[in-house]
**Q** 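The structure under discussion is supplied below as structure tokens; questions concerning it will follow.
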Amino acid sequence: MAQPYPVHVIEARWRDRWERSGLNRIDLDTVDSDRVFYNLVEFPYPSAEGLHVGHVFRYVGVDAFGRYQRMCGRAVFQPIGFDSFGIHAENYALNVGEHPRRLTEQTTARYREQLSSIGAAWDWSRAIDTSKPEYYRWTQWTLVQLFKAGLMYQAEAPVIWCPSCLTVLAREQTDRDGTVCERCGSPVTERVMKQWFLRTTHYADRLLSGLDDLEWPDRSKRLQRQWIGRSEGRDIDFGDLTVFTTRPDTLPAVTFIAVPAGHPAAGSTRRHPTSGAPIPVVVTDYVVESYGTGAVMGVPAHDDRDARFAAEHGLPVSDAPLLDPVDAAAVGRPSVRYRMHDWLISRQRYWGPPIPIIHCESCGAVPVPEEDLPVVLPDLDDIRPTGDSPLAECTDWVQTTCPSCGGPASRDSDVSDTFVDSAWYFLRYPSTEFDDVPWDNVRTDKVLPVDFYAGGSEHVQRHHLYARFMTMALQDLGLVSMAEPLPRIALGGMIILAGAKMSKSRGNVVSPDGYVAEHGIDVLRCSLLFSAPWGRGGEFSDRSIAGIERFFARCWRAVAESDGPESAVAQWDHTISAVTRAVERMSFNVALARLMEFVDHVRSAEDKSVLVRLLAPLAPHLAEELWHQLGQPFSVHDQPWPEASSDGAAEVQDLAVQVDGRLRGRISLPRTATGEDAAALARSNIAAVPAKDAVKRVVYVPGRVINFVSR
RNA sequence: GCCCGGAUGGCGAAACUGGUAGACGCGGCGGACUUAAAAUCCGCUGUCCUUUCUAGGGCGUGCAGGUUCGAGUCCUGCUCCGGGCACCA
């Protein structure tokens with residue numbers, strides 16, 4: 001469908017002008033802290049398939065929101081970057097036989113181009129890339145700080161191992177409930193290795209209580225609470241064997257103690273702490289070694305699982321009376337357990353920041369001195385897995401001297417989890433030009449916390465939690481002043497195709513490129529935003545494109561043409577407040593609907609700039625062009641957001657007339673009319689309204705309904 | 001198993017805090033303009049019944065109840081779809 005204007009010429013022209021004029025950048029040195037609006041969206045992992053329309057949907061919603069904030073007078077800081085380290089890139093590189101660095105350069109370049117083409121007001125001058133030494137230097141620095149503070153430690157832990165691929169797998173790289181390797185289908189095994197952990201459990205209570213004050217979706221808070229999984233109970237000693245229970249009142253009815261296979265006490269007995277009776281310690285398949293004390297009281301009379309197990313194995317059931325609350329509260333010792341574990345950050349992989357630790361026979365684990373950072377990831381030719389970390393093969397790199405004693409030592413050959421990269425990246429954006437500190441405290445205090453963080457629900461348990469943990473830890477170390485970096489989060493909906501999330505492996509990725517080439521980015525932006533509320537998402541469809549193109553053409557003509565006498569338009573107020581409300585709650589579909597209703601009135605309007613300004617966050621290029629056509633100075637995006645001049649109460653509106661709650665007609669009168677006026681008007685216009693003495697009650701809701709109740 | 005979200009025309013959806021269900025758009029049908037087409041514009045478009053052709057009425061937001069003058073919205077019990085956690089003591 002042809003537009004009445006040259007779409008691509010206009011879009012290219014204005015995007016170029018915005019970039020040259022620095023429209024999307026703010027001066028962080030001179031800006032007033034109160035005006036800063038840090039509008040952040042989770043930075044993408046640059047995958048090989050390129051940006052798809054689901055990304056575009058998420059990003060343009062965030063962009064529209066940021067542009068709106070800017071017109072409301074905020075100094076919007078809207079950076080973007082690339083989360084380019086990680087297993088996904090590494091695996092893809094292995095599959096196609098390329099080096100991850102080269103592949104990442106390609107995919108990042110393509111992402112940069114696509115992200116630029118969507119017309120979002122990114123501040124590209126502050127872009128970050130987690131796989132670049134100038135970034136991961138500070139990721140490593142952060143780990144060194146945590147290590148020095150005792151928040152990073154090494155311990156033996158099981159990892160998932162694929163005996164066929166000779167590699168450690170992440171849980172996400174397994175199929176069928178973590179039992180087989182997703183790449184080769186072989187059954188996976190467990191292997192115990194020494195690994196690095198961050199002490200997230202130390203912050204469990206603060207991570208939990210901090211949630212109360214956050215402006216997050218209830219869903220997010222619930223998921224994080226569930227993930228942290230705080231559970232209060234008692235530790236009870238059965239001799240040398242301690243159990244954890246949340247039901248100390250059932251202690252008298254204990255008939256066995258359940259432990260997992262391999263437990264040293266399996267097969268023995270312990271004395272019951274109160275009755276002294278011998279209690280067998282039995283192996284069950286339902287006790288988790290790593291939770292609680294790894295041993296559980298078996299109470300068949302009060303627990304279904306214990307009852308089933310007792311029945312199957314001929315164990316006795318006790319009907320001893322339960323303890324009353326006072327006695328129960330005196331049993332054992334109070335104990336709090338968490339489902340959340342410390343964060344295992346070691347990855348026996350290649351494509352990540354080397355863990356900045358040197359192992360020395362005499363000094364133990366020594367952090368790399370800050371002046372020696374970054375520990376640069378060596379450029380290995382062959383990163384195919386051999387059964388050990390790829391970096392361990394690189395002996396020139398591994399062999400080093402101990403920073404503490406100067407003796408021979410070796411570098412840790414693991415890399416850190418990608419989630420470490422993204423746990424602090426929001427601190428880096430405002431300080432990208434500093435190469436002597438990870439972030440400048442004046443900058444950080446001015447710009448953070450993030451005013452609006454737009455993410456996906458897939459990141460609630462991990463990324464959002466790790467970001468909070470990291471910030472709390474850094475606060476305790478005196479390195480940042482805030483505890484909560486992301487006080488306001490909104491979760492964007494996902495765009496799916498044929499019922500599934502878009503991904504290359506499913507072969508259902510829809511690229512924005514074709515649509516942009518054919519219709520321009522503003523049309524794609526608005527048709528995506530029009531098809532569903534931003535927070536919901538849904539099945540991808542290009543059906544709304546035709547409607548958006550017609551709407552744009554009507555906007556163009558409404559501005560370019562005039563008919564009849566020009567007059568002030570009373571309906572502006574209604575439209576302005578409706579669009580404002582819709583944008584505030586990210587319902588851009590409704591904002592567009594209200595503008596569509598209104599556009600034809602603009603032809604005879606005195607002040608057409610209102611339409612153009614309301615359109616600016618949604619269709620930034622078209623609005624800029626229309627603004628220019630109106631003879632207004634560059635840029636529409638610097639203009640104030642229109643304000644409604646009245647609440648519209650005096651306007652004549654329709655009022656529903658009901659009898660006993662059933663609709664019987666409609667009358668028109670201002671919302672300011674009294675109940676008497678409304679009742680009289682209804683009675684004279686609508687035959688179904690009963691006589692006065694037959695009415696027991698009249699319910700009048702101004703502007704909505706008048707209901708005559710006869711029963 | 002536990003927790004959560006969702007279900008509204010042919011389709012995407014709207015409905016502020018319990019107050020006119022289906023805004024807006026797509027698609028469809030009919031019409032105007034045109035030699036014709038495209039584009040554009042106008043009208044109709046949940047469903048059933050009655051009709052003096054102008055309307056009037058019944059039903060209708062997954063199902064069954066309830067509260068209320070009034071329920072898509074609140075409550076109870078279900079069905080289906082999506083998501084999270086999962087032998088977590």
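Quick note on labels: first sequence line is chain A, next is B, and so on, each numbered from 1. Computed from heavy atoms alone, side chains included, the values below leave out hydrogens, waters and symmetry copies.
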**Q** Taking only side-chain N and O atoms of A:Gln461, does any of them lie within less than 4.0 angstrom of OP1 or OP2 on B:C85?
**A** yes
**Q** Closest-nucleotide mapping onto RNA chain B: is A:Arg222 or A:Asp285 further toward the 5' terminus? I mean the 5' end.
**A**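 It is A:Arg222, whose closest nucleotide lies nearer the 5' terminus.
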**Q** Could you state the CG-P distance from A:Leu595 to B:G25, rounded to the nearest angstrom?
**A**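 My rounded result for the distance is 12 Å.
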**Q** So what's B:G62 paired with, Watson-Crick or G-U wobble, going by both distances under 3.5 Å?
**A**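 The base-pairing partner of B:G62, which may sit in any strand shown, is B:C78.
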**Q** Would you mind reading off the distance between A:Leu223 atom CG and B:C4 atom P, rounded to a whole angstrom?
**A** 11 Å
**Q** To the closest 0.5 Å, what do you measure between NE2 (A:His459) and CG (A:Leu465)?
**A** 13.0 Å
**Q** To the nearest angstrom, how far is A:Asp660 atom CG from B:G57 atom P?
**A**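 One finds 14 Å between P of B:G57 and CG of A:Asp660, rounded.
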**Q** Could you check if the base of B:G9 is syn or anti? Syn means the glycosidic torsion is within 90 degrees of 0.
**A** syn
**Q** Would you call A:Asp212 and A:Lys221 a salt bridge, using N to O less than 4.0 angstrom?
**A** no
**Q** If you check the A:Arg543 side chain, which of B:A89, B:G27, B:G84 turns out closest?
**A** B:G27
**Q** Would you call A:Arg337-A:Asp235 a salt bridge at under 4.0 Å N-O?
**A** yes
**Q** Can you tell me the base-pairing partner of B:G1? Count Watson-Crick or G-U wobble geometry only, both distances below 3.5 Å, and say none if there is no partner.
**A**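 Per the H-bond distance test, B:C85.
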**Q** Whole angstrom is fine here: how far is it from CG in A:Asp303 over to P in B:C87?
**A** 15 Å
**Q** Parallel, tilted or perpendicular: which fits the ring planes of A:Trp572 and A:Phe598, with parallel below 30° and perpendicular above 60°?
**A** tilted
**Q** Please report the interatomic distance CG(A:Leu615) to CZ(A:Phe551), rounded to the nearest 0.5 Å.
**A** 5.0 Å
**Q** Within the structure, does a side-chain N or O atom of A:Arg662 lie under 4.0 Å from either OP1 or OP2 of B:C59?
**A**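 The answer is yes; a side-chain N or O of A:Arg662 sits under 4.0 Å from OP1 or OP2.
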**Q** Please round to the nearest 0.5 Å and tell me the distance separating atom CE of A:Met596 and atom CZ of A:Arg554.
**A**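 Answer for the CE-CZ pair, A:Met596 versus A:Arg554, is 7.5 Å.
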**Q** How far, in whole Å, is B:G27 from B:A21 if one measures between their P atoms?
**A**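 Looking at atom P only, B:A21 and B:G27 are 28 Å apart.
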**Q** Who is the Watson-Crick or G-U wobble partner of B:U52, with both distances under 3.5 Å?
**A**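 Paired with B:U52, as far as the under-3.5 Å criterion goes, is no nucleotide at all.
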**Q** If B:A15 has a Watson-Crick or G-U wobble mate with both distances under 3.5 Å, name it; if not, just say none.
**A**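 With both distances under 3.5 Å required, B:A15 matches none.
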**Q** Rounding to an integer number of angstrom, what distance separates B:U20 and B:U61 when you compare their P atoms?
**A**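 Taking atom P in both B:U20 and B:U61, they lie 15 Å apart.
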**Q** Work out how far the P atom of B:A71 is from that of B:G22, and round it to whole angstrom.
**A**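 Pairwise P distance, B:A71 against B:G22, rounds to 16 Å.
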**Q** It should be established whether A:Arg308 places a side-chain nitrogen or oxygen under 4.0 Å from OP1 or OP2 of nucleotide B:G1.
**A**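 For B:G1, neither OP1 nor OP2 has a side-chain N or O of A:Arg308 closer than 4.0 Å.
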**Q** Rounded to the nearest angstrom, tell me the gap between atom NZ in A:Lys696 and atom C1' in B:C69.
**A**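 About 12 Å, once rounded to whole Å.
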**Q** Check nucleotides 12-23 of chain B for protein N or O atoms closer than 3.5 Å to its own N or O atoms and list the pairs.
**A**
unit_1: B:G12; atom_1: O2'; unit_2: A:Ser531; atom_2: O; d: 2.4
unit_1: B:A13; atom_1: O3'; unit_2: A:Asn589; atom_2: ND2; d: 3.4
unit_1: B:A14; atom_1: OP1; unit_2: A:Asn589; atom_2: ND2; d: 3.2
unit_1: B:A14; atom_1: OP2; unit_2: A:Arg536; atom_2: NH2; d: 2.8
unit_1: B:A15; atom_1: OP1; unit_2: A:Arg585; atom_2: NH1; d: 3.3
unit_1: B:A15; atom_1: OP1; unit_2: A:Arg585; atom_2: NH2; d: 3.0
unit_1: B:C16; atom_1: N3; unit_2: A:Arg704; atom_2: NH2; d: 2.1
unit_1: B:C16; atom_1: N4; unit_2: A:Arg704; atom_2: NE; d: 2.4
unit_1: B:C16; atom_1: N4; unit_2: A:Arg704; atom_2: NH1; d: 3.0
unit_1: B:C16; atom_1: N4; unit_2: A:Arg704; atom_2: NH2; d: 2.0
unit_1: B:U20; atom_1: O2; unit_2: A:Arg666; atom_2: NE; d: 2.1
unit_1: B:U20; atom_1: O2; unit_2: A:Arg666; atom_2: NH2; d: 3.0
unit_1: B:U20; atom_1: O4; unit_2: A:Asp654; atom_2: O; d: 2.9
unit_1: B:A23; atom_1: O2'; unit_2: A:Arg594; atom_2: NH2; d: 3.3
unit_1: B:A23; atom_1: O2'; unit_2: A:Glu597; atom_2: OE2; d: 2.7
unit_1: B:A23; atom_1: N3; unit_2: A:Arg594; atom_2: NH2; d: 2.9

**Q** With nearest nucleotides of RNA chain B determined for A:Val296 and A:Arg219 from heavy-atom distances, which residue corresponds to the more 5′ nucleotide?
**A**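 Counting from the 5' end, the first nearest nucleotide belongs to A:Arg219.
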**Q** On the nucleotide B:C88, are OP1 or OP2 found under 4.0 Å from the side-chain N or O atoms that A:Tyr286 carries?
**A**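 Answer is no, no contact under 4.0 Å.
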**Q** For A:His464 and B:G84, give me the distance from atom NE2 to atom C1', rounded to whole Å.
**A** 15 Å
**Q** Any side-chain N or O of A:Arg305 under 4.0 Å from OP1/OP2 of B:C88?
**A**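 A:Arg305 to B:C88 OP1/OP2: side-chain N or O found under 4.0 Å.
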**Q** Between A:Asp660 and A:Arg662 (salt bridge meaning N to carboxylate O under 4.0 Å), is one present in this structure?
**A** no
**Q** Can you label the angle between the A:Phe419 ring and the A:His463 ring as parallel, tilted or perpendicular, going by 30° and 60°?
**A**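 It falls in the tilted class, 30° to 60°.
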**Q** From CG of A:Leu528 over to C1' of B:G25, roughly how many Å is that when rounded to an integer?
**A**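 Taking atom C1' of B:G25 as the reference, CG of A:Leu528 is at 14 Å.
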**Q** How far does the C1' atom of B:A23 sit from the matching atom of B:G72, given to the nearest Å?
**A**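 15 Å, rounded to whole Å.
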**Q** Only pairs with both distances under 3.5 Å count, Watson-Crick or wobble alike; so what is the partner of B:G30 in this structure?
**A**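 Result: B:C42.
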**Q** Between atom CZ in A:Phe708 and atom P in B:C69, what is the gap in whole Å?
**A** 17 Å
**Q** Are A:Arg468 and A:Trp227 in a cation-pi setup, meaning NZ or CZ lies under 6.0 angstrom from the ring centre and within 45 degrees of the ring axis?
**A** no
**Q** Could you tell me whether the phosphate oxygens of B:G84, OP1 or OP2, come under 4.0 Å of any side-chain nitrogen or oxygen in A:Ser457?
**A**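 The answer is no; no side-chain N or O of A:Ser457 sits under 4.0 Å from OP1 or OP2.
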**Q** What's the gap between B:G70 and B:U17 when it is taken at their C1' atoms, as a whole Å value?
**A**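 Taking atom C1' in both B:G70 and B:U17, they lie 15 Å apart.
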